[in-house]
Amino acid sequence: MKVAKIFFLVLLSVCMFDEIQSQSQKKTKTKKVLSYKLNELMPTVYITFEKYETFVYERTRESFDMILLRVHNNSKGTVSFSSYDGSLSPSGKTTLHYRAENVPISSNQSSRNNEKVSQGVPDSDVFNELKVKSGKSFLFVVFKDDLEKGKRIKVQFSYPWEDSFSAFLGEEPEHIVYFYASDM
């Protein structure tokens, strides 16, 4: 009788262990990982090179060497950028507000000291909010000089749950996408 009880308890333990393991595997198989990205291999926002182009500023007849870049929204929501309309730009095209800077040589070197503010238009405190929908992209221009060897640009953006005006004024977390001259 004692052997039968032990056999029964061992059998019951094996069955319970098997059932627990089976339920655990089912939970693992049905668990979905939530992602905010459309393409998991790319960042939520990224910039690609399009082409070099020379523009003639109609007001002064001066020519400018420019670079056309494309900012991509790889998120499941709309992202916002600070932009300027083309009326002030030598290219006549809407452009994003960006900062051009030298690439830091080491991780503990700050690029703040040699940062140059440049946005492709004369200094202005007037800007628009440009919204790029999920999966879409936007073509913008930068001065060729701003992406010489050893330089990068950084473009600030905000997510839909943030107040974009406050984000551009530095009152919200800062989200930045970089584009390096070496990426062309």
Side-chain angles (χ1 to χ4, degrees), residues 21-53 66-86 89 91 93-112 115-121 124-143 146-147 150-184:
Q21 188 176 12
S22 142
Q23 286 180 2
S24 173
Q25 287 175 347
K26 285 180 186 175
K27 285 182 184 177
T28 305
K29 287 180 184 176
T30 59
K31 195 182 257 187
K32 287 187 177 181
V33 177
L34 298 177
S35 174
Y36 195 66
K37 294 179 182 180
L38 297 173
N39 178 348
E40 287 301 317
L41 302 176
M42 299 301 289
T44 54
V45 176
Y46 62 97
I47 298 173
T48 57
F49 171 78
E50 287 286 318
K51 65 180 179 175
Y52 295 101
E53 200 164 314
M66 308 290 275
I67 298 171
L68 276 82
L69 301 174
R70 185 173 296 277
V71 65
H72 301 265
N73 178 3
N74 184 39
S75 73
K76 292 182 180 174
T78 300
V79 291
S80 299
F81 298 88
S82 172
S83 69
Y84 298 87
D85 74 16
S89 172
S91 68
K93 297 181 183 293
T94 299
T95 192
L96 299 182
H97 178 263
Y98 66 89
R99 292 183 181 271
E101 62 187 25
N102 293 327
V103 177
I105 297 168
S106 65
S107 61
N108 54 356
Q109 175 194 359
S110 171
S111 60
R112 279 262 188 236
E115 191 172 294
K116 172 189 142 195
V117 176
S118 179
Q119 65 271 357
V121 295
S124 171
D125 60 354
V126 178
F127 68 90
N128 299 314
E129 178 184 25
L130 175 74
K131 293 186 176 193
V132 178
K133 293 182 179 181
S134 175
K136 300 296 182 188
S137 64
F138 177 77
L139 194 64
F140 69 103
V141 294
V142 300
F143 286 108
D146 289 339
L147 276 173
K151 289 189 176 183
R152 68 181 178 188
I153 63 160
K154 65 180 187 178
V155 177
Q156 185 178 343
F157 64 95
S158 64
Y159 290 107
W161 55 84
E162 300 168 323
D163 175 8
S164 60
F165 186 72
S166 295
F168 296 122
L169 292 176
E171 298 168 355
E172 290 277 349
E174 188 176 46
H175 307 288
I176 295 173
V177 58
Y178 289 100
F179 184 81
Y180 293 81
S182 59
D183 291 339
M184 291 189 290

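Side-chain atoms of I67 and M184, non-hydrogen and from C-beta on, do get closer than 4.5 Å to each other. Under the 4.5 Å side-chain criterion, counting only non-hydrogen atoms from C-beta, V155 is not in contact with V71. Within the 4.5 Å cutoff, no side-chain heavy atoms of M42 are placed close to those of H72. Between F49 and L69 the shortest side-chain heavy-atom distance falls below 4.5 Å. A heavy-atom distance below 4.5 Å is not found between the side chains of F81 and Y98. Using a 4.5 Å heavy-atom cutoff, the side chains of E172 and Y159 are not in contact. Residues E174 and Q156 form a side-chain contact, since some pair of their non-hydrogen atoms from C-beta on lies under 4.5 Å apart.
To the nearest 0.5 angstrom, I153 atom CD1 is 8.0 Å from D146 atom CG. Distance check: L147 CG to R152 CZ gives 11.5 Å after rounding to the nearest 0.5 Å. Atom-to-atom distance recorded for Y178:OH and I47:CD1 is 11.0 Å, nearest 0.5 angstrom. To the nearest 0.5 Å, atoms CD (E53) and CE (M66) are separated by 9.5 Å. Rounding to the nearest 0.5 angstrom, the gap separating the NE2 atom in H97 from the CG atom in L130 is 14.0 Å. Expressed to the nearest 0.5 Å, how far OG1 of T48 lies from CG of L68 amounts to 10.5 Å.
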Quick one: side chains of residues 131-140, donor-acceptor pairs under 3.5 Å with protein atoms, not counting sequence neighbours, listed by atom name and distance.
| residue | atom | partner | partner atom | Å |
| --- | --- | --- | --- | --- |
| S134 | OG | S75 | O | 2.7 |
| S137 | OG | R70 | NH1 | 3.0 |

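Judged purely by distance below 3.5 Å, without hydrogens or angles, the side chains of E40 and S35 pair a donor atom with an acceptor atom.
Distance alone, capped at 3.5 Å, is enough to place a donor-acceptor pair between the N74 side chain and the P43 backbone.
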